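As structure tokens, the structure follows; a few thoughts come after it.
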Protein chains: 2
Amino acid sequence: MTSQYKASRFMALPERPTPAYRLSGMCLPAPLSVGELETFSAISRQISPLRKRQTLFAQGEALKSLYIVRCGSLKQVYRDITDEAHITQFYLPGEVVGLDAISTGFHPGTTQALETTSVCEILPEALEEFSRKEAAEKGGNGCFLRVMSRALHQERMMVRLLLNRTSDVRLASFLLALSTRFRQQGYSPFCFRLSMSRSDIGNYLGLAVETVSRLLGRFQDLGLLTAKGREIRVDDLDGLMALADGRARQSIWHAGIVPPSSCRLAGMPAH
Amino acid sequence: MTSQYKASRFMALPERPTPAYRLSGMCLPAPLSVGELETFSAISRQISPLRKRQTLFAQGEALKSLYIVRCGSLKQVYRDITDEAHITQFYLPGEVVGLDAISTGFHPGTTQALETTSVCEILPEALEEFSRKEAAEKGGNGCFLRVMSRALHQERMMVRLLLNRTSDVRLASFLLALSTRFRQQGYSPFCFRLSMSRSDIGNYLGLAVETVSRLLGRFQDLGLLTAKGREIRVDDLDGLMALADGRARQSIWHAGIVPPSSCRLAGMPAH
DNA sequence: CGAAGAATTGATTCCGGTCAACTCTGGTGG
DNA sequence: CCACCAGAGTTGACCGGAATCAATTCTTCG
């Protein structure tokens, strides 16, 4: 037992000792790796697909099972005491739904399908059995815990992303995250369909719908992408990434193309 | 085995079936309950206290142990690729430090003491042993997982808080969270000392230092609290809570007291 | 088709960031 | 002991980004 081994006891599969992470692509919870997915598949069972707008569970409902998204997508909506709705997560294929209910035993938000969506159910008995076995083998440091830790970390990065960043950076990061996810699922990272509305995106990113719309228009003017309704085609991935990493020269409104009238200075006397 | 029991298998101690949570008091990771604290204490060992500014571990360092704060406080600083520092957490007594390192095996941020601070170390061997036992007993649904789930949930609430809320709501929520924590630790919830600087608070909440300073002044004018340096006295807890829950009548700048000059209109010709 | 929701576009407002000057505090050394 | 200084905190003036309000237009879909 080397000291190297000792030091890495908490580790699952050491991924990489990255000292600093990029902000871009941090907008969505990390999916399970292929190996993890297989593991969980073994203890889960498919349930009949959800139609658009159908809910998987409602806010306040007791946690019965965890779920893994197979295909399609869901949004988790948390309604606060002032009855305002906040979208706290989008769940895409490969992601685990329900982790945030474990502490209280009740779901903190309603989760509903954005399109026809199929999920697998991880029954508690199966998970229990699985955990027991895993714990015996690896000392309680199983992939379940790892998934959770990753979600936690992602969430912290998300806070940072949304906090000090301008609207353009937020949206660019979000789109890149989606693009990455689609690539991981074997779809084109350049051409995909948004399953969520503009207002869902705005809500999630803390932006007004109008801002999302304007930004998409602006990205198009800059040649970064083409948006037709909910169809997105990424034309300049590097450009988008530069934007998302804050590495763009200046505000996108001053990057050559004519700014919209509302941003031109109202030439007021500088008395 | 009733269906009630079955439905609550994932649950630890069902806390309450709250359908909607308040945003206020969601600013800090939940501490361990007394029971959990005892449990972990049994498998941890005290290490020599940290002096102010001393680091517990640095960003990128391999995860060796988890820690529980005994007394004092720490901040976790994440430095991004543009070398900007982001405070991702404050850790107060009773909180577990290091959970977000489990997925990669490396700490995503430097963690340093804000004041003289003592922590307990949870050695990996002890935790392993503990988890194994717990898994055998309760089917892998131990308090460790619960702590993590809670942290995840807290983090999501935090995002919501920072995202759509105005600066006054953010700061009020933050102060209330601190107040609550002090009460839980047996200290006065009305009278406490901030261990972090104004700029730390600003960084954490995504506000400029100046804004934090102005808001504290404003809160004082409104009779919500008294701030003298880092000493805080809460004078109107209900008022603060109303503010934090967004249930305050209107913007705090229009609540009677004279607004600062910079907010008065500069009477410019409206042509 | 017609109605309801989604998306775009324009005009205006305002919150909070930035820059700048200043004060206050605590720590250090002559 | 006090002078000095650096960092923390406060205050003011100004400006810009994004919210808001408002008016259309474009999509779905019953």
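So that the names make sense, note that chain A is the first sequence line, chain B the second, and so on, each numbered from 1. What's counted below: heavy atoms across the whole structure, side chains too, no hydrogens, waters or symmetry copies. Source: prediction; values computed, not measured.
- Distance check: B/L205 CG to B/L171 CG gives 6.5 Å after rounding to the nearest 0.5 Å.
- For the pair A/M196 CE and C/dG5 C1', the interatomic distance rounds to 18 Å; values are reported in whole Å.
- Looking at the side chain of B/A208, the nearest of the listed nucleotides C/dT18, C/dT9, D/dG9 is C/dT18.
- Among C/dT18, D/dG9, C/dG16, the nucleotide with an atom closest to any side-chain atom of B/S197 is D/dG9.
- A salt bridge links A/E84 with B/R165; the closest basic N to acidic carboxylate O contact falls under 4.0 Å.
- A/D200 has a carboxylate O that lies under 4.0 Å from a charged side-chain N of A/K75, or vice versa, which qualifies the two as a salt bridge.
- Of all nucleotides listed (D/dA18, D/dA22, C/dG16), C/dG16 comes nearest to the side chain of B/T211.
- Spacing between atom CD of B/E210 and atom C1' of C/dG16 amounts to 10 Å, rounded to whole angstrom units.
- Between B/D168 and B/R218, none of the side-chain N atoms (NZ, or NE/NH1/NH2) sits under 4.0 Å from a carboxylate O, so this pair counts as no salt bridge.
- Among the nucleotides C/dT9, D/dA19, C/dG16, the one closest to the side chain of B/S167 is C/dG16.
- Considering only side-chain atoms of A/R230, the nucleotide from C/dG16, C/dA6, D/dT11 that sits closest is C/dA6.
- Spacing between atom CZ of B/R53 and atom P of D/dG7 amounts to 10 Å, rounded to whole angstrom units.
- We find that CZ of A/F219 is positioned 16 Å from C1' of C/dT8, with the value rounded to whole Å.
- Atom CZ in B/R218 sits roughly 14 Å away from atom C1' in C/dC15 (whole-Å rounding).
- Between A/K52 and A/E115, no side-chain nitrogen of the basic residue sits less than 4.0 Å from a carboxylate oxygen of the acidic one, so the salt-bridge criterion is not met.
- Listed candidates were D/dT11, D/dA19, C/dG17. Nearest to the side chain of B/S213 is D/dT11.
- Residue side chain A/R214 reaches the base of D/dT20 through a donor-acceptor N/O pair under 3.5 Å, judged by distance alone.
- The side chain of A/S199 contributes no N or O atom lying less than 4.0 Å from OP1 or OP2 of C/dA6.
- Look at CZ on A/R165: it is 18 Å from C1' on D/dG16, rounded to the nearest Å.
- B/L162 places its CG atom 12 Å from the P atom of C/dG17, with the value rounded to the nearest Å.
- Straight-line distance from the CD atom of A/E231 to the C1' atom of D/dC26: 16 Å, rounded to whole Å.
- Within the nucleic acid shown, B/L207 comes within 4.0 Å of sugar-phosphate atoms alone, with no base atom in reach, counting heavy atoms only.
- Contact annotation for A/G206: backbone-only contact, meaning every heavy-atom pair under 4.0 Å involves sugar-phosphate atoms and none involves a base.
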